[in-house]
Amino acid sequence: MWRTRAAAACVICRSLANSSCGIKRKSPLQNLHLVCHSIHHPSYPSSKFQRPPLRISIQLFSSLNRLPLRKTKLLNVKYGYQFHRNFWLARLASRLLKVRYLILGSAVGGGYTAKKTYDQWKDMMPDLDEYKWIIPDFVWELDELIDFEKLIKALPDADDLAKLLPDFDKIGESFASLKGFLSPGAPGETAFRATDQGYDNDKQFKKGLLGELILLQQQIQQHEEEARRATGQYNMGSSQQKRKVSDKEKIDQLQEELLRTQLKYQRMLERLEKENKELRKLVLQRDDKGIHQRKLKKSLIDMYSEVLDILSDYDASYNTQDHLPRVVVVGDQSAGKTSVLEMIAQARIFPRGSGEMMTRSPVKVTLSEGPHHVALFKDSSREFDLTKEEDLAALRNEIEIRMRNSVKEGCTVSTETISLSVKGPGLQRMVLVDLPGVISTVTSGMAPDTKETIFSISKAYMQNPNAIILCIQDGSVDAERSIVTDLVSQMDPQGKRTIFVLTKVDLAEKNVASPNRIQQIIEGKLFPMKALGYFAVVTGKGNSSESIESIKEYEEEFFQNSKLLKTSMLKAHQVTTKNLSLAVSDCFWKMVRESVEQQADAFKATRFNLETEWKNNYPRLRELDRNELFEKAKNEILDEVISLTQVTPKHWEEILEKTLWERVSTHVIENIYLPAAQTTNSGTFNTTVDIKLKQWTDKQLPNKAVEVAWETLQEEFSRFMTEKKGKEHDDIFDKLKQAVKEETIKRHRWNERAEDSLRVIQHNALEDRSISDKQQWDAAIHFMEETLQSRLKDTESVIEDMVGPDWKKRWLHWVGRTKEQNIRNETKNELEKLIKCNEDHAAYLANDEVTTVRKNLEARGVTVDPCLIKDTWHQIYRRFFLKSALNHCNLCRRGFYYYQRHFVDSELECNDVVLFWRIQRMLAITANTLRQQLTNTEVRRLEKNVKEVLEDFAEDNEKKVMLLTGKRVQLAEDLKKVREIQEKLEAFIEALHQEK
């Protein structure tokens, strides 16, 4: 182009040079104007050209040059500005046509063309967003979380790394076989042809993996178009009768080949998915072994499942209903609900039974992806390996046990939800709830309200406007016998959130006389209910020992040979549990994205209402829920137990000594002192005392002492537990403290060896008779006087009750005696006469003395029973004896000197004082021993028991609910739950947006 333009310019220049232009001589070509040189000689240095000064007399002008025509000496003009015409269009063209501008324009145009070509190629590439789930979420964050320089150093050698990579040669061979299937076969055979020009060798075939899949998809669509066109031709007028038969055969052949190709295509996809699962499993396993030392993020479905678990425990008392989506699996009993769920979870995890009700409570199953196929319960850390049969059996047994434990007595089904999480490679992420099967008749062994209870449970889950209803219908029975379809149509009349699943299609195809009936069911024309989608599945041959893999193979083989597909009654995307799982997962996540933010806003409003109510009712109290209140009460109780160790030893011993004497004083007076006092001399008195003390110590005293110590510890513990702490006392803990106290006392047992050691100490203390000083002697006298006076006072009170008030009380208080009291008073007066006559009388009346007293009373007109005489005598003699003993005690105050001389040359004998000193010393030693056992052993054991009781109460939520009650507790509980739900929902929404 440049050469052409230059040649044209040169022709013009020559023509101008040859023309005279008003001048009668030729101008040389080399003297052309510089503009011409700039046109066809762009390299000419025109910018640096300097014109020499000329002496001219006349200056002529032309349009292209300025040449001196002749020399003259008339004018001497220097080179400078001249009056001439500038050809500005030529100058402008010279600048625009420079090479640099043309190169720049070419670059811009070429860049635009390249971008347009790139966009065209980009549009031709397949959309790989659907395969984004193949790559885990954490892979996109590797560059932020991993130091790749350290990782490169830690990587294994090339040989070890090669073992982890897939065998590309085998993958190439598998695709070569696929190509062979798709390549043209024998003559006359109609096959799907794939373009193989770009895949001549194995390397190119490996790189074109997705291209092959896209090509297969295009071929399937192409043959579907051919089938439709053939169908249109088949429906033409009667004039093409002969051609109709051949077109029908062609349609059947095309449909058969289309089905075969789709199955092959699906097998290839499954094989690729399987290889991808293995690779992901290896990556996750190596990550678990510690190659990447980092904390894995909680998966999206696990976060969502936690929210549902909290909502299941939340009491919606503030009109904030749970409208979060989940997949609700409903169906008639034995319709195959559990089998469908197991196929989706890819494991036989549920207990099975032939015709009997096995699902007795709702089971929430959270499916998520993980490196290992495992299952675990929400409230347990044990993982069940679903690849091992023994773990599967243990899991089924555990589910059955939990179901039976959740069912209350007198019921058949339970509303309590069992939460189970299943993880494994390739599982679709979703939350499913398996409900008890709907029944039409209550059989023997069931509760009368079983049918209504199942209906109410199903309605409670299905009335959630965002719940996806997976309606399971048994295809092997008559459709008219279905109950669940009417229930589903009532809850979702428009079918906007219902997916219909027809099970046991293999049996249906054999038993149903008209296959069109199955087609009507799948097309939604037989039932009044509507649905988003209709699916047909096969969940095995009815053998409970079948594995998931064998069921999958059987299902694939059945649909490959089924007439339902060959005759286009069923479409390929409506069959197999694999397609069902994908459809349910897509519908589930679509519903989640549409409704979760609205639910979060509802809980946000509820939280504001609860916080406002708390501020108005409890402005100075912290928001402590039931668990926090329990922890606070637990610390207070433990502090009170520790305060038992701060009780002074003197206080313990005083309480123990006083209580022990109150418990044993009656035995000492009645069974030891009184019988010994009836003896005639001091030797017999001491012998009797020693024998009775020994018997008492061996049989009763240690046990009584331990009982007294335990009761004393209980009283002190109760005093600390129930004592109010002034303004800081919180009565909300009173019921809990009382329950802890009672349970601790019930569990506590005194050390069994304490009695044996105590028996020896008490026996040694009672054996000692040596009073060392006058102070001990006086203390024994004082102890004896107090004891005798107390007993005398009690005896006087008993006698007053027997004989009635004396004359002073009768006159002052205007009270009288009863007939029995008059008889006893007469008997008392007669017995007092008898004892005055003989002050040394024995403790018991002889029979003749009883007869004498009775006759004397009868002579005065008083009829008395002999038993009444003896009973009255016992109290009269007791009073007489106690008064005599007190008088003797006063005499013994000065008897310590005679005691030191062993009462030699003295008529005074104070053996009873020595007895009381021995008793008093035994009490002091016993109290000291018990105090040591209390402070050193029993208080610590009591504290341990209190901790155990508190730990048991902490694990028993029902106990905490029963013991920590009130509006304040319930309000704090609701506020905590709502906050937790809102926070988890917000975290889930944030993660959901990041995944988008």
Side-chain angles (χ1 to χ4, degrees), residues 301-302 305-306 308-309 312-313 326-368 370 372-409 411-424 427 430-439 445-447 450 453-454 457-458 460-461 470 472 503 539-540 542-548 551 577 581:
I301 191 65
D302 289 337
S305 180
E306 285 183 1
L308 294 182
D309 289 336
S312 65
D313 300 333
R326 69 262 285 163
V327 181
V328 180
V329 186
V330 295
D332 299 329
Q333 184 177 342
S334 302
K337 298 188 292 56
T338 303
S339 300
V340 171
L341 197 55
E342 286 179 338
M343 290 295 291
I344 295 175
Q346 299 182 15
R348 309 298 294 270
I349 58 178
F350 291 104
R352 318 192 69 79
S354 57
E356 103 179 84
M357 178 182 292
M358 298 304 297
T359 306
R360 296 180 177 270
S361 65
V363 181
K364 182 177 76 69
V365 182
T366 303
L367 300 180
S368 59
H372 306 288
H373 204 185
V374 296
L376 66 158
F377 292 97
K378 178 185 73 171
D379 55 353
S380 175
S381 60
R382 178 186 176 183
E383 285 190 351
F384 296 88
D385 190 350
L386 301 183
T387 60
K388 298 179 180 179
E389 187 57 38
E390 55 270 18
D391 279 21
L392 280 171
L395 177 61
R396 290 192 290 265
N397 185 49
E398 180 68 19
I399 292 176
E400 186 173 2
I401 291 174
R402 286 173 179 258
M403 284 184 181
R404 295 190 181 277
N405 292 338
S406 66
V407 177
K408 298 180 180 179
E409 186 177 358
C411 299
T412 307
V413 293
S414 170
T415 58
E416 183 179 344
T417 304
I418 299 173
S419 183
L420 180 67
S421 177
V422 178
K423 299 181 179 181
L427 292 183
M430 66 183 99
V431 177
L432 304 102
V433 181
D434 186 21
L435 301 180
V438 179
I439 60 175
M446 292 185 179
T450 302
T453 304
I454 294 175
I457 294 174
S458 301
Y461 276 91
L470 196 63
I472 310 297
T503 61
T539 55
N543 187 4
S544 60
S545 61
E546 286 181 292
S547 65
I548 296 295
I551 295 175
T577 52
S581 177

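Computed from a predicted structure; not experimentally measured.
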Subject >> For S339, all residues meeting side chain to side chain donor-acceptor pair (under 3.5 Å), sequence neighbours excluded >> reply: R352
Subject >> By side chain to side chain donor-acceptor pair (under 3.5 Å) - contacts of K423 (at least two apart) >> reply: none
**OP:** List for me each residue that meets side chain to side chain contact (heavy atoms under 4.5 Å, CB included) alongside A347, sequence neighbours excluded, and say none if there are none.
**Re:** I349, H373, L386, L392
Subject >> Any residue meeting side chain to side chain contact (heavy atoms under 4.5 Å, CB included) with E546, in chain and number order, not counting sequence neighbours >> reply: R348, K541, N543, S550, I551
Original post:
For T539, which residues count as a side chain to side chain donor-acceptor pair (under 3.5 Å) partner, sequence neighbours excluded?
Top reply: none
Subject >> E400: partners by salt bridge (Lys or Arg N to Asp or Glu O under 4.0 Å), with sequence neighbours left out >> reply: R404
Original post:
Can you find a heavy atom in the side chain of V329 that is under 4.5 Å from one in the side chain of V340?
Top reply: no
Original post:
Can you name the residues that form a side chain to side chain contact (heavy atoms under 4.5 Å, CB included) with T412, not counting sequence neighbours?
Top reply: M357, R360, M446, A447, T450
**OP:** Tell me, please, which residues at least two apart from R396 pass salt bridge (Lys or Arg N to Asp or Glu O under 4.0 Å).
**Re:** E389
**OP:** State which residues pass side chain to side chain donor-acceptor pair (under 3.5 Å) with T387; sequence neighbours excluded, sorted by chain then number.
**Re:** D385
Original post:
Which residues satisfy the salt bridge (Lys or Arg N to Asp or Glu O under 4.0 Å) test with E416, sequence neighbours excluded?
Top reply: none
Original post:
Taking only residues two or more places apart in sequence, or in another chain, which ones meet T577 in a side chain to side chain contact (heavy atoms under 4.5 Å, CB included)?
Top reply: M343, V537, E555
